[in-house]
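The next block holds one structure in the form of C-alpha cells; read it before the comments.
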Amino acid sequence: MKINVSVFGEVDGKDVCAYTLNNTNGMSVTLLNYGGIIKEINVTNAQGRVVSCVQTFDTLQEYIDDPSYRGAIVGRYANRIGNGTFTLNGEQYQLDKNGGEHNLHGGLAGFHKKVWQANVQELSDSASVIFNLTSPDGEGGFPGNVEVYARYTLNNDNELSLELSATTDKETPLSFTQHAYFTLSEEAKVGTTLLYIDAETVTDADDTLLPTGKLVEVRDTPFDFLTSTAIAKRATQHQSHPLFDMVGGYDHNYVLRAPGGREPQATVNAVDTGITMALYTTLPGLQFYTGNLQNDDQLGALCLEPQHFPDAPNKPEFPNCFVKPNETFKASIKYTFSTL
C-alpha cells in the first residue's frame with residue numbers, strides 16, 4: 001500500500017503535510033501532522049458511493065482556528081482535571097484552566113495544536129504513519145518530559161488502528177484520545193444513526209461536567225446503548241434524567257465493561273449508507289459526545305473518545321492514570337468499517 005504525501009500548509013515555519021492512505025477496497029484515510037489529525041475517512045459503500053465518515057475542514061487555517069479538537073489526538077490529559085490541579089507525591093501541580101474552572105484536554109499547549117514529526121511505512125497489505133513529539137517538563141503545568149508516539153495504520157481489511165505510547169522522566173498522569181467527529185450517515189444529523197456502547201454505567205458529574213466519583217446505571221435512562229438503538233430515539237424514549245438534561249444531549253464518560261476484549265466496545269451503524277463502524281480500545285472509558293455543546297446543534301455529529309476517566313488524577317477510586325519513569329504508557333484504538 002502506498003502513502004501519498006502533500007503539503008497542506010505551514011505553521012511557524014514548519015510544513016504541515018497531508019498523508020493519504022488508500023487500500024484495495026476503495027477506503028482512504030488522510031492524516032495531518034498538525035495535531036495528529038484524522039482529516040478524512042472515506043469508505044465506499046455497497047452501492048459504490050464514497051461516504052465521508054468524519055467531519056473535515058478544507059484549509060489548515062480552519063484547523064488552527066477550530067476550538068472543537070476536530071479529528072485531533074488529545075493530550076496530555078483527555079477530558080477534565082478538576083479545578084486545574086492535582087497532587088502527586090506530596091506536591092501540588094497547577095494546570096491551565098482552559099475549561100471553565102477546570103483543565104480540559106491538556107490545556108492551552110495541547111497536542112492538538114502541535115506540529116508532530118512524521119515517518120511513513122509502506123507494506124504490501126498495510127500503510128502506517130508514525131507521529132511523535134516531545135512535551136517538555138512543566139508544559140501546561142504537568143510534570144515530566146514526555147515522549148509520545150502515535151502510529152496510525154490502515155490495512156486491506158478496512159481497519160484503521162491507532163497505537164499510542166509514551167514515556168516520561170517524572171511520574172505524571174497521561175490520557176490520550178482521538179477526537180474525530182463521525183458522520184457515517186449522509187443526513188445532516190446523527191439522530192437516526194444506530195449506536196451500541198458496551199457499558200452498564202456512566203460517571204456521574206456535577207453542573208461543570210466534573211465527575212462526582214459516583215457511577216450511574218444506564219438501564220432505563222437516555223444513556224442506555226446496551227442494544228443498538230437510534231441515538232435520537234434513545235434520547236427521547238425515557239423520562240428526563242438530570243444528568244442528561246444538564247448537558248442537553250450527550251457528553252458523558254461510559255465505564256466500559258471489557259476494554260481490550262475481542263468484542264467491540266462500541267458500534268455505529270448508518271442505515272441510509274449501510275456503513276458500520278466498530279470501535280475497539282484498551283482504555284477504560286469512552287466519552288460519547290454529540291457536538292451540541294460546541295455548536296448548539298444537538299446530535300449534529302458523534303464523537304467516541306476512548307480515555308482514562310475524567311479527573312482520575314484526583315479520584316483514586318478511578319482506574320490508575322499515573323505513569324512512572326520506568327513504565328510505558330500504551331493504549332490502542334481501532335476502527336473497523338464494513339458495508340451492507
Side-chain angles (χ1 to χ4, degrees), residues 33-38 66-89 91-117 130-152 162-180 209-211 253 281-287 289 303 305-316 318-333:
N33 62 324
Y34 179 78
I37 285 170
I38 296 177
D66 176 41
S68 67
Y69 306 88
R70 195 163 313 230
I73 294 173
V74 171
R76 284 189 186 193
Y77 199 90
N79 217 302
R80 291 165 179 82
I81 296 178
N83 302 305
T85 187
F86 67 92
T87 299
L88 176 61
N89 299 324
E91 183 173 351
Q92 186 177 50
Y93 293 90
Q94 183 61 56
L95 312 175
D96 297 333
K97 290 185 177 181
N98 63 314
E101 285 300 303
H102 308 311
N103 178 267
L104 178 65
H105 288 335
L108 300 174
F111 295 172
H112 63 296
K113 298 298 185 185
K114 293 184 179 296
V115 178
W116 297 56
Q117 294 182 331
I130 304 95
F131 295 126
N132 77 282
L133 61 79
T134 300
S135 178
D137 183 27
E139 186 171 58
F142 289 93
N145 294 292
V146 176
E147 190 75 19
V148 185
Y149 289 87
R151 181 187 184 101
Y152 286 101
L162 172 57
E163 299 294 331
L164 296 159
S165 64
T167 56
T168 178
D169 59 4
K170 292 182 183 177
E171 187 172 3
T172 193
L174 295 177
S175 177
F176 313 145
T177 194
Q178 219 303 326
H179 210 304
L209 300 183
L210 191 72
N253 174 61
T281 187
T282 56
L283 288 159
L286 183 71
Q287 190 82 6
Y289 174 52
C303 301
E305 308 159 50
Q307 61 181 9
H308 274 285
F309 293 2
D311 204 32
N314 294 310
K315 299 282 193 302
F318 285 173
N320 176 55
C321 65
F322 289 101
V323 178
K324 297 178 180 180
N326 60 345
E327 300 171 340
T328 300
F329 171 93
K330 291 185 178 181
S332 174
I333 303 170

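Note that the structure is predicted; figures quoted are calculated from it, not measured.
A side-chain donor-acceptor contact under 3.5 Å links Thr172 to the backbone of Pro143. Remark: the backbone N or O of Pro325 is not paired with any side-chain donor or acceptor of Thr168 at under 3.5 angstrom. In terms of modelled atom types and a separation under 3.5 Å, the side chain of Thr177 and the main chain of Pro306 share a donor-acceptor contact. Looking only at distances, no side-chain donor or acceptor of Arg151 sits under 3.5 Å from a matching main-chain atom of Ser165. The backbone N or O of Gly82 lies less than 3.5 Å from a partner atom in the side chain of Asp311, making a donor-acceptor pair.
Residues that satisfy the side-chain hydrogen bond (donor to acceptor under 3.5 Å, both in side chains) test with Gln307, not counting sequence neighbours, are Asn79, Asn253, Gln287. Not counting sequence neighbours, the partners of Phe309 by the ring pair (Phe, Tyr, Trp, His ring centres under 6.0 Å) test are Phe318. Here Glu147 pairs with Asn132, Thr134, Tyr149, Thr167 under the side-chain contact (heavy atoms from CB on, under 4.5 Å) rule; sequence neighbours left out. Residues passing the side-chain hydrogen bond (donor to acceptor under 3.5 Å, both in side chains) test with Lys113, sequence neighbours excluded: none. Qualifying ring pair (Phe, Tyr, Trp, His ring centres under 6.0 Å) partners for Tyr93, counting only residues two or more places apart in sequence or in other chains: Phe86.
Ring-plane geometry between Trp116 and Phe111 is classed as perpendicular, the angle between the planes exceeding 60 degrees on a 0 to 90 degree scale with a lower cut at 30.
Between Pro319 and Ala312, the shortest heavy-atom distance links the atoms O-CB, 4.0 Å. Residues Leu174 and Ala166 approach most closely at CD1-CB, 4.0 Å, considering heavy atoms. Taking all atoms of both residues into account, the shortest heavy-atom contact from Ser68 to Asp66 is OG-OD1, 2.6 Å. Nearest heavy-atom pair across Ile73 and Ala150 is CD1-CB, 3.5 Å. The two residues Thr282 and Ser332 make their nearest non-hydrogen contact at OG1-N, 3.0 Å. When all heavy atoms of Pro173 and Pro313 are compared, the closest pair comes out as CB-CG, 3.9 Å.
By the 6.0 Å contact criterion, CD on Gln94 is enclosed, its count of non-hydrogen atoms from other residues, nucleotides or ligands being greater than 12.
Side-chain contact between Leu209 and Arg80 is present, with heavy atoms from C-beta onward closer than 4.5 Å. Using a 4.5 Å heavy-atom cutoff, the side chains of His179 and Tyr289 are in contact. Counting only heavy atoms from C-beta outward, the side chains of Ile37 and Arg70 never approach each other to under 4.5 Å. Side-chain contact check for His308 versus Phe322: every heavy-atom pair is 4.5 Å or farther apart. Contact of the Leu164 side chain with the Lys330 side chain is not registered, since no non-hydrogen atoms from C-beta on lie closer than 4.5 Å. No side-chain heavy atom of Val74 sits less than 4.5 Å from a side-chain heavy atom of Gln178.
In this structure, CG on Leu210 lies 10.0 Å from CD1 on Ile81, to the nearest 0.5 angstrom.
Among pairs with a residue in residues 96-105, those fulfilling side-chain hydrogen bond (donor to acceptor under 3.5 Å, both in side chains) read Lys97-Glu101, His102-Thr208, at least two apart in sequence or across chains.
Counted by atom type alone, Tyr69 and Glu305 present zero donor-acceptor pairs between their side chains at under 3.5 Å. Checked by atom type, the side-chain pair Thr85/Asn83 shows no donor-acceptor distance below 3.5 Å.
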*Decide yes or no on ring pair (Phe, Tyr, Trp, His ring centres under 6.0 Å) for Tyr77 and Phe142, but give the supporting numbers first.*
CA-CA 9 Å; Tyr77 199 90; Phe142 289 93; 7.3 Å; no
*Test Asn145 against Asp169 for side chain to side chain donor-acceptor pair (under 3.5 Å), laying out the working first.*
CA-CA 6 Å; Asn145 294 292; Asp169 59 4; 2.8 Å; yes
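Ion pairing between Lys170 and Glu91 fails under the 4.0 Å rule for side-chain N and carboxylate O.
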